[in-house]
K.L.:
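Take this structure first; my questions come after.
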Amino acid sequence: MRLTDFFLPTIKENPKEAQIASHRFMLRAGMIRQSSAGIYSWLPLGFRVLKKIEQIIREEMDRAGCQELLMPTIQPAEIWRESGRYDVYGKEMLRLIDRHDREMLYGPTNEEMITEIVRSSIRSYKDLPKNLYHQQWKFRDEVRPRFGVMRGKEFLMKDGYSFDVNKESAINSYNKMFIAYLRTFARMDLKAIPMQADTGPIGGDLSHEFLVLAETGESEVFCHKDILNFEVPGPDTDYSTDLQPIVDKWTSLYAATDEKVDVSKHTEIGASLVSARGIEVGHIFYFGDKYSKAMGATVAGPDGNDITLEMGSYGIGVSRLVGAIIEASHDDNGIIWPDAVAPFKVGIINLRVGDKSCDIACEETYTKMRDQYVEVLYDDRNESVGVKFADMDLIGLPWQIVIGPRGLKEGKVELKNRSSGVKEELSINDALNNILG
RNA sequence: CGGAGCGUGGCGCAGUCUGGUAGCGCACUUCGCUGGGGGUGAAGGGGUCGUAGGUUCGAAUCCUAUCGCUCCGACCA
């Protein structure tokens, strides 16, 4: 993509409303624009990152045996009356009335809807277990949205739901998600720590929140420092084996959010206690028959008698992750994208647009990378170099290739790694090989 | 939902106290110089001062209402 074609409205000054790094950089880098409080448009650069995150989640969910579907944003009030949550949920639920005076709502979550789908389609224990998920926009009418996409009213969430015939099987489904979550966040270069959590309005008795440690986290968290170095299960993890030992290991040491604090543990752990702030990026629940019972979701068991389904639900804040990743990875100049979610892998800076040797070298580099399907953004604008360097650092692409007349006299370009800051003078081909290798 | 603020050109702000018909920086447009970290000179374009009503000869400025947004707290993926 040529920058003269790409829609990238960057901002030099800090918007005054943005208090934290991720919000500031997302606005400045032209990733998002606010529409109204807590509601944002995703501009091309931000949208590319969002899609990358979605895809990683998709791959890890599918690998763990889940299946993706898509449920609507607007739901009928009836199913929420059935579960009993219509009156409980309060003002955070955006309620709507259609032209036939039918009560509708913009879904804040989908337990009722998925239960409705499964109960009407699955009749036999032989069809279970199943784990279904979607990545859909949700709406919660937050009293006070803040921190940009980290706490918006409208947000993209991956929510999955497991259905099993008994508790043992349900816990196995829960464990699969536990592992899949560790893998998902690790692929985004995030250190997400599973912590005991409150189950809140969703209910249930087994639940973990996954928190990314960051100074700007919304909640105070505590954990044993050794958890930070636990090894994340690899891509070859076999989900058909017993996963309990891995889950047991990850839950063996103390880790809790402020709502589940156990002060006696703190004195016990002593110097190994880590006290930090965390951003919640995932939350998993096992809640048994809370919804299946209320909504009559049953299947026929081997003996012909009805079995009430055992359920769990599993959320990941997809849009929030964009902010969380930036909080975890930035410097004073801007964002530093991990490779896996970067909107482009490489940025080419033409230091002297109009200079024949520069233009030719840039075009050649750009074409070569495109031919190899490397995602590349070519800054071909006729701007001063300072502007180009500043914008490139701001948008945080992992690699920068800087091409100017001075280096070209020696047949060299400069390859800069955004994360390490290391710069090397190389031939165009060596630079390409470094990036591809 | 409690508390505190702010709405003036695309962005950041001054002007409001003490009424006299709008200004600064950045950005933008054109041209020139410059050319390895937000360079520079000249010439331009763009605002019924959030909205509505009121007071006044006259309102960005005073009064009333209303809408929007932000920050702190309580709440939450």
Side-chain angles (χ1 to χ4, degrees), chain A residues 9-20 23 27-28 30 33-39 89-93 107-110 135-160 181 192 197-202 207-212 217-219 257-259 278-285 313-324 333-334 349-355 358 379 381-394 400-409 412-414 416 421 423 425:
Chain A
T10 56
I11 298 168
K12 192 162 145 187
E13 286 90 20
N14 282 322
K16 65 167 179 180
E17 72 272 17
Q19 298 297 303
I20 63 171
H23 190 193
L27 288 167
R28 286 194 47 204
R33 283 291 117 97
Q34 177 165 315
S35 165
S36 60
I39 302 179
Y89 217 93
K91 287 189 171 177
E92 296 210 328
M93 183 148 80
T109 174
N110 286 62
Q135 305 197 49
Q136 176 65 290
W137 292 92
K138 306 289 189 296
F139 196 93
R140 289 182 196 171
D141 198 358
E142 295 283 347
V143 235
R144 181 149 118 75
R146 66 184 116 171
F147 304 143
V149 299
M150 301 263 280
R151 175 85 186 276
K153 289 184 174 180
E154 192 179 54
F155 56 98
L156 184 59
M157 180 163 106
K158 187 283 304 188
D159 45 323
Y181 274 38
D198 228 14
T199 50
I202 295 179
S207 173
H208 287 92
E209 282 181 9
F210 289 73
L211 287 112
V212 172
E218 291 194 89
S219 46
T257 61
D258 48 4
E259 50 195 15
I279 301 166
E280 186 183 345
V281 290
H283 202 159
I284 59 178
F285 303 88
S313 80
Y314 315 94
I316 293 180
V318 183
S319 47
R320 164 178 281 195
L321 269 169
V322 180
N333 295 326
I349 295 179
N350 183 340
L351 288 178
R352 190 82 60 87
V353 170
D355 177 282
C358 267
D379 190 348
R381 295 175 302 172
N382 190 10
E383 284 285 351
S384 76
V385 294
V387 171
K388 294 186 169 201
F389 283 129
D391 274 349
M392 200 55 86
D393 282 348
L394 175 63
Q400 299 175 10
I401 298 181
V402 181
I403 300 179
R406 210 163 74 192
L408 282 177
K409 279 183 192 154
K412 298 281 169 79
V413 297
E414 181 186 284
K416 173 176 160 185
K423 300 173 183 174
E425 298 276 326

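A quick note: this is a predicted structure, and the numbers were derived from the prediction, not measured.
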K.L.:
Nearest to the A:Lys16 side chain among B:rG12, B:rC75, B:rG36, which nucleotide is it?
P.N.:
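Looking only at heavy atoms from C-beta outward on A:Lys16, the closest nucleotide is B:rG12.
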K.L.:
Among B:rG37, B:rC69, B:rC75, find the nucleotide with the atom closest to the side chain of A:Ser36.
P.N.:
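The answer is B:rC69.
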K.L.:
What about A:Arg151: does its side chain form a donor-acceptor pair under 3.5 Å with the base of B:rC76?
P.N.:
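By the distance-only test, yes, there is a pair.
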K.L.:
Whole angstrom is fine here: how far is it from CE in A:Met93 over to P in B:rA77?
P.N.:
15 Å
K.L.:
Residues two or more places apart in sequence or in another chain: which of them pass side-chain hydrogen bond (donor to acceptor under 3.5 Å, both in side chains) with A:Thr10?
P.N.:
A:Asp391
K.L.:
At less than 3.5 Å, do the side-chain atoms of A:Arg146 and the base atoms of B:rC76 form a donor-acceptor pair?
P.N.:
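Per atom types, no contact qualifies.
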K.L.:
Name the closest nucleotide to the A:Glu218 side chain, picking from B:rC76, B:rG38, B:rC1.
P.N.:
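Within the option list, the nearest is B:rC76.
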K.L.:
Can you measure A:Met150 atom CE to B:rC71 atom C1' for me and round it to whole angstrom units?
P.N.:
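Interatomic distance, CE of A:Met150 to C1' of B:rC71: 17 Å.
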K.L.:
Given that both distances must come in under 3.5 Å, which nucleotide forms a Watson-Crick or G-U wobble pair with B:rG5?
P.N.:
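Across all strands, the one nucleotide that pairs with B:rG5 is B:rC69.
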K.L.:
Of the nucleotides B:rG35, B:rC75, B:rG37, which has the atom closest to the A:Arg352 side chain?
P.N.:
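Given the options B:rG35, B:rC75, B:rG37, the side chain of A:Arg352 is closest to B:rG35.
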K.L.:
Select one nucleotide: of B:rG37, B:rG36, B:rA74, the one nearest the side-chain heavy atoms of A:Glu425.
P.N.:
B:rG36
K.L.:
A:Gln19 CD to B:rA4 P: how many Å, rounded?
P.N.:
19 Å
K.L.:
Considering every strand and a 4.0 Å limit on heavy-atom distances, what is the contact class for A:Lys138: base, sugar-phosphate, or nothing?
P.N.:
nothing
K.L.:
Show, in sequence, the C-alpha distance, side-chain angles and deciding distance for A:Phe210 and A:Ile316, and conclude whether the side chain to side chain contact (heavy atoms under 4.5 Å, CB included) test is met.
P.N.:
CA-CA 9 Å; A:Phe210 289 73; A:Ile316 293 180; over 6 Å; no
K.L.:
Would you mind telling me which residue lines up with the more 5' stretch of RNA chain B, A:Ala37 or A:Val402, judged by nearest nucleotide?
P.N.:
A:Val402
K.L.:
I need the minimum non-hydrogen distance between A:Glu218 and A:Arg320, along with the two atoms involved.
P.N.:
OE2-NH2, 3.2 Å
K.L.:
Can you tell me the pairing partner of B:rA42 across any strand shown, Watson-Crick or G-U wobble, with both distances under 3.5 angstrom?
P.N.:
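For B:rA42, the partner nucleotide comes out as B:rU30, under the 3.5 Å rule.
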K.L.:
Within the structure shown, what part of the strands sits under 4.0 Å from A:Leu351 by heavy-atom distance: base, sugar-phosphate, or nothing?
P.N.:
base
K.L.:
For the P atoms, the ones on B:rG46 and on B:rG37, what distance do you get once it is rounded to whole angstrom?
P.N.:
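Going atom to atom, P in each nucleotide, I get 36 Å.
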K.L.:
Give A:Val387 one of three labels, base, sugar-phosphate or nothing, depending on what nucleic acid heavy atoms sit under 4.0 Å from its own.
P.N.:
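Base contact - A:Val387 has a heavy atom under 4.0 Å of at least one base atom.
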K.L.:
Classify the side chain of A:Arg28 versus the base of B:rG38 as yes if they form a donor-acceptor pair under 3.5 Å and no if they do not.
P.N.:
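Such a pair is found, so the answer is yes.
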K.L.:
Just checking A:Lys153: base, sugar-phosphate only, or nothing, at a heavy-atom cut-off of under 4.0 Å?
P.N.:
nothing
K.L.:
With P as the reference atom in both, quote the distance from B:rG20 to B:rG25 in angstrom, rounded to an integer.
P.N.:
22 Å
K.L.:
Once you apply a heavy-atom cut-off of 4.0 Å, does A:Asp393 come out as touching a base, just sugar-phosphate, or nothing?
P.N.:
base
K.L.:
Could you tell me how far B:rA22 sits from B:rG47 if I compare only their C1' atoms? Round to whole Å.
P.N.:
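Going atom to atom, C1' in each nucleotide, I get 9 Å.
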K.L.:
Take A:Asp393 and A:Lys416, measure what side chain to side chain contact (heavy atoms under 4.5 Å, CB included) needs, and give me the verdict at the end.
P.N.:
CA-CA 10 Å; A:Asp393 282 348; A:Lys416 173 176 160 185; 3.1 Å; yes
K.L.:
Got a sec, which residues hit side-chain hydrogen bond (donor to acceptor under 3.5 Å, both in side chains) with A:Gln136, two or more places apart in sequence or on another chain?
P.N.:
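A:Gln136 satisfies side-chain hydrogen bond (donor to acceptor under 3.5 Å, both in side chains) with no other residue.
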K.L.:
To the nearest Å, how far apart are A:Glu142 CD and B:rC76 C1'?
P.N.:
5 Å
K.L.:
Can you name the residues that form a side chain to side chain contact (heavy atoms under 4.5 Å, CB included) with A:Lys12, not counting sequence neighbours?
P.N.:
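Residues passing side chain to side chain contact (heavy atoms under 4.5 Å, CB included) with A:Lys12: none at all.
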K.L.:
Could you give the distance from CZ (A:Arg146) to NE2 (A:His23), rounded to the nearest 0.5 Å?
P.N.:
12.5 Å
K.L.:
Which nucleotide in the list B:rC76, B:rA74, B:rA77 gets nearest to the side chain of A:Val143?
P.N.:
B:rA74
K.L.:
Indicate, with a heavy-atom threshold strictly under 4.0 Å, whether A:Pro405 touches base, sugar-phosphate, or nothing.
P.N.:
base
K.L.:
Using atom names, set out every protein N or O paired with an N or O of nucleotides 25-32 of chain B below 3.5 Å, distance rounded to 0.1 Å.
P.N.:
{"from": "B:rC26", "atom 1": "O2'", "to": "A:Glu13", "atom 2": "OE2", "distance (Å)": "3.1"}

K.L.:
What is the distance, rounded to the nearest whole Å, between atom CG of A:Leu394 and atom P of B:rG37?
P.N.:
18 Å
K.L.:
Round to a whole Å and report the spacing from CD1 of A:Ile279 to P of B:rC76.
P.N.:
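After rounding, the reported distance stands at 18 Å.
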K.L.:
Donor-acceptor pair, distance only, cut-off 3.5 Å: does the side chain of A:Arg33 make one with the backbone of A:Leu27?
P.N.:
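Yes; at least one donor-acceptor contact below 3.5 Å.
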K.L.:
Is A:Asp355 side chain donor-acceptor paired with the B:rG35 base, going by distance under 3.5 Å alone?
P.N.:
no
K.L.:
Please state the P separation for the pair B:rC69 and B:rU61 - nearest whole angstrom.
P.N.:
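It works out to 23 Å between them.
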K.L.:
C1' atom, B:rG7 versus B:rU66: distance in rounded Å?
P.N.:
14 Å
K.L.:
List the residues meeting side-chain hydrogen bond (donor to acceptor under 3.5 Å, both in side chains) with A:Glu209, not counting sequence neighbours, and say none if there are none.
P.N.:
none
K.L.:
Base, sugar-phosphate alone, or nothing: which one does A:Asn350 contact when heavy atoms must sit under 4.0 Å apart?
P.N.:
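Nothing, no heavy atom under 4.0 Å.
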K.L.:
Could you tell me the separation between the CZ atom of A:Arg33 and the P atom of B:rG10, rounded to a whole number of Å?
P.N.:
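Atom CZ in A:Arg33 sits about 14 Å away from atom P in B:rG10.
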K.L.:
Is the aromatic ring centre of A:Phe155 closer than 5.5 Å to the centre of the six-membered base ring of B:rA77, with the two planes inclined by less than 30°?
P.N.:
yes
K.L.:
Base, sugar-phosphate alone, or nothing: which one does A:Gln34 contact when heavy atoms must sit under 4.0 Å apart?
P.N.:
sugar-phosphate
K.L.:
Pick base, sugar-phosphate or nothing for A:Gly404, based on heavy-atom distances below 4.0 Å to the nucleic acid.
P.N.:
base
K.L.:
Between B:rC6 and B:rC62, how far apart are the P atoms? Round to whole Å, please.
P.N.:
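That atom pair is separated by 12 Å.
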K.L.:
Given atom CZ of A:Arg144 and atom P of B:rC1, what is their separation to the nearest angstrom?
P.N.:
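For the pair A:Arg144 CZ and B:rC1 P, the rounded distance is 15 Å.
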K.L.:
Kindly write out the residues that satisfy side-chain hydrogen bond (donor to acceptor under 3.5 Å, both in side chains) with A:Asp379, not counting sequence neighbours, or none if the list is empty.
P.N.:
A:Arg381
K.L.:
Report the nucleotide, chosen from B:rC76, B:rG12, B:rG37, that has the shortest atom-to-atom distance to any side-chain atom of A:Phe389.
P.N.:
B:rG37
K.L.:
Describe the nucleic acid contact of A:Gly354 in one word from base, sugar-phosphate, nothing, applying a heavy-atom distance below 4.0 Å.
P.N.:
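Contact class for A:Gly354: none.
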K.L.:
Using the C1' atoms only, state how far B:rU34 lies from B:rC49, rounded to an integer number of Å.
P.N.:
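Their C1' atoms lie roughly 39 Å apart.
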K.L.:
Under 4.0 angstrom, heavy atoms only, what part of the nucleic acid is A:Lys423 near: base, sugar-phosphate, or nothing?
P.N.:
base
K.L.:
Does A:Tyr89 form a side chain to side chain contact (heavy atoms under 4.5 Å, CB included) with A:Arg140? I'd like the steps, not just the answer.
P.N.:
CA-CA 10 Å; A:Tyr89 217 93; A:Arg140 289 182 196 171; 3.8 Å; yes
K.L.:
Between A:Val281 and A:Ile403, who's closer to the 5' end of RNA chain B by nearest nucleotide?
P.N.:
A:Ile403
K.L.:
What's A:Asp159 touching, base or sugar-phosphate or nothing? Going by heavy atoms closer than 4.0 Å.
P.N.:
nothing
K.L.:
Scan A:Gly407 against the nucleic acid and name what it touches under 4.0 Å (heavy atoms): base, sugar-phosphate only, or nothing.
P.N.:
base
